[in-house]
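Input: a single structure, listed below in structure tokens.
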Number of protein chains: 2
Amino acid sequence: MTPVQGARARARIEITAAIKDEARRQLAAEGAAKLSLRAVARELGMVSSALYRYFPSRDELLTALIIDAYDAVGAAAEQAHATALTAAPGDHLAHWTAACRAVRTWAVAHPHEYALIYGSPVPGYTAPEDTIGPASRVGLLLVGIARAAYQDKGIALLPLPDVLAPEARRLAEDMAPDLPPPLAVALVSAWAQLFGLVSFEVFGQFNNVVQARDTFFAAAAERLGRETGLLRTC
Amino acid sequence: MTPVQGARARARIEITAAIKDEARRQLAAEGAAKLSLRAVARELGMVSSALYRYFPSRDELLTALIIDAYDAVGAAAEQAHATALTAAPGDHLAHWTAACRAVRTWAVAHPHEYALIYGSPVPGYTAPEDTIGPASRVGLLLVGIARAAYQDKGIALLPLPDVLAPEARRLAEDMAPDLPPPLAVALVSAWAQLFGLVSFEVFGQFNNVVQARDTFFAAAAERLGRETGLLRTC
DNA sequence: GTCTATAACGAGATAGAC
DNA sequence: GTCTATCTCGTTATAGAC
């Protein structure tokens with residue numbers, strides 16, 4: 001808090017940010033598997049051993065990038081949701097699609113960071129527990145939207161097959177004890193399916209298939225929301 | 001066709017297979033980005049330059065692995081579909097879920113090959129046109145199942161938003177001119193969402209979330225089929 | 001013609017001595 | 001922090017065995 005400490009702390013923050021920026025650049029150029037502390041250091045005009053004052057290992061740098069990415073996509077979704085909340089109060093389906101579109105927009109703008117968190121696992125790297133919280137942000141937001149809709153007007157979902165009932169109960173207890181188990185199952189499905197749509201676009205599976213990506217995604221996301229019970233249509 | 005040619009050809013096929021097998025082993029251990037011709041050659045007791053008799057470059061070896069993977073998952077889905085066709089004739093939803101479950105089963109059994117084709121793109125590698133055909137097999141199978149259902153008893157789908165109408169027409173023309181545009185859109189969405197479910201499981205996003213993976217997936221796949229119009233439920 | 005081995009290139013990573 | 005010696009890589013040219 002003294003001026004000197006403040007300057008030191010500020011420098012540390014700046015250098016940490018510069019390291020992560022350069023690491024993100026390498027992520028884009030070479031992929032997460034080839035991320036190397038040495039190359040980052042070289043590009044920054046530092047010596048590799050100096051980096052260890054900021055990140056104790058390559059894996060910890062990777063973890064920081066992963067957490068940043070989860071936080072960025074989570075914040076984008078949350079902010080879009082907050083905007084939609086005031087722009088169209090009570091329209092739960094609009095809140096849902098706003099969050100979904102924010103996820104897609106962020107992913108298209110940051111394909112390599114998206115690949116880092118929702119693509120193939122990095123060989124030899126296992127995510128520590130620190131990533132669980134940030135990784136849950138989008139999912140928890142979707143749960144929140146569904147909860148608001150449920151408390152507002154209830155939901156009408158298709159009944160689940162009997163074999164899934166225990167898992168549904170367990171899921172609901174884990175993530176949202178106040179919601180009916182079928183809704184919990186529908187939410188987890190929709191969550192995975194949402195990222196299926198985004199991944200297919202970002203990873204190139206839609207090349208030569210889908211052209212009007214924006215409207216296509218918007219329609220699919222709305223459909224997902226409807227099927228999660230946010231609007232009764234039958 | 002003479003004995004000598006047959007022996008040569010057989011040896012060539014065997015060595016090609018051995019190279020791909022070893023490459024797949026490295027794929028699992030180090031990831032596609034670090035796949036190295038030299039390491040493959042070393043492990044096989046060959047010299048790196050000898051590999052060029054079989055694959056003109058590292059990227060062509062990658063392409064071969066990608067095509068094999070697409071063909072493997074496509075064949076698995078097609079075979080499961082064929083079995084379901086005779087086991088439950090006329091039950092289009094059962095045919096759909098059988099194909100979906102085969103995709104998941106293959107993916108869980110071959111996570112690294114799955115990651116190669118449906119995960120993050122390999123940095124610096126761009127897939128040649130040869131991969132388009134094999135990459136389309138699962139999608140075309142889903143189209144075929146939907147076509148059978150459509151010709152059998154028609155479909156009832158939600159109307160599309162107007163902005164999506166041109167893209168829907170274009171999509172239907174491209175992939176299945178005999179199917180109504182809304183069905184084409186629903187199929188592409190379901191295709192992407194199916195792989196979203198599989199990717200979340202294979203890539204670890206379901207860790208600490210979904211436990212009964214098999215029944216969860218089966219229910220979600222059935223739901224996807226229903227929503228694609230394979231069964232009218234409203 | 002078909003294959004393998006040797007050697008080499010230029011580029012990059014890595015380990016250790018200083 | 002710096003320098004160097006030694007690795008790796010993809011790829012090619014060349015020569016010789018079958």
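So you know, we letter chains A, B, ... as the sequences are listed, proteins then strands, and number each from 1. Predicted model, so just to flag it, every value in this text is computed and none were measured.
Salt bridge A:Arg170/A:Glu173: absent, no basic N to carboxylate O contact under 4.0 Å.
Put simply, CG on B:Leu44 is 16 Å from P on C:dC3, counting in whole angstrom units. Between B:Arg12 atom CZ and C:dT2 atom P there is a gap of 9 Å when expressed in whole angstrom units. Rounded to whole angstrom, the span from the CE atom of B:Met46 across to the C1' atom of C:dT2 amounts to 12 Å. In this structure, the CG atom of B:Leu51 is 18 Å from the P atom of C:dT2, given to the nearest Å. Put simply, CG on B:Leu37 is 6 Å from P on D:dT11, counting in whole angstrom units. Atoms NZ (B:Lys34) and P (D:dG10) sit 13 Å apart, rounded to a whole Å. Regarding B:Glu30, its CD atom lies at a distance of 14 Å from the P atom of D:dT8, rounded to whole Å. Between the CD atom of B:Glu14 and the P atom of C:dT2 there is a distance of 19 Å, given to the nearest Å.
Considering only residues two or more places apart in sequence or on other chains, A:Phe206 meets the ring-ring contact (aromatic ring centres under 6.0 Å, His included) condition with A:Phe200, A:Phe216. Partners of A:Phe203 according to the ring-ring contact (aromatic ring centres under 6.0 Å, His included) rule, which considers only residues two or more places apart in sequence or in another chain, are A:Tyr114. Evaluation of the ring-ring contact (aromatic ring centres under 6.0 Å, His included) rule for B:His112 yields no partner, not counting sequence neighbours. With sequence neighbours left out, the ring-ring contact (aromatic ring centres under 6.0 Å, His included) criterion links B:His81 to B:His95. Annotation: side chain to side chain contact (heavy atoms under 4.5 Å, CB included) contacts of B:Ala23 (sequence neighbours excluded): B:Leu35, B:Val40, B:Leu61, B:Leu65. With sequence neighbours left out, the side-chain hydrogen bond (donor to acceptor under 3.5 Å, both in side chains) criterion links B:Arg147 to B:Asp178. For A:Asp130, the side chain to side chain contact (heavy atoms under 4.5 Å, CB included) criterion is met by A:Ile67, A:Pro128, not counting sequence neighbours.
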Acceptor/donor pairs from residues 136-144 of chain A side chains to any protein atom, 3.5 angstrom cut, sequence neighbours excluded:
residue  : atom : partner  : partner atom : Å
A:Ser136 : OG   : A:Ile132 : O            : 2.6
A:Arg137 : NE   : A:Glu78  : OE2          : 3.0
A:Arg137 : NH1  : A:Asp71  : OD1          : 2.8
A:Arg137 : NH2  : A:Glu78  : OE1          : 2.7

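Sorted by first then second residue, the side-chain hydrogen bond (donor to acceptor under 3.5 Å, both in side chains) pairs that include residues 42-63 of chain A, not counting sequence neighbours, are A:Thr63-A:Tyr125.
Taken over five-pair windows at either terminus, the axes of the helix from C:dG1-D:dC18 to C:dC18-D:dG1 are inclined to one another by 20° (rounded to 10 degrees).
In this structure, B:Ile15 reaches the sugar-phosphate backbone alone: every heavy-atom distance under 4.0 Å involves primed, P, OP1 or OP2 atoms, never a base.
The aromatic rings of A:Phe195 and A:Trp191 sit perpendicular to each other, their planes meeting at more than 60°, with 30° as the lower class boundary.
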Q. Quick one: what's the B/S/- string for nucleotides 12-18 of chain D, heavy-atom cutoff under 4.0 Å, read 5' to 3'?
A. BB-----
Report all interatomic pairs (protein N or O, nucleotide N or O of nucleotides 10-13 of chain C) with separations under 3.5 Å.
residue : atom : partner : partner atom : Å
C:dA13  : OP2  : A:Arg42 : NH1          : 3.3
C:dA13  : OP2  : A:Arg42 : NH2          : 2.5

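Checked against D:dG1, D:dG10, C:dT4, the side chain of B:Tyr54 finds its nearest nucleotide in C:dT4.
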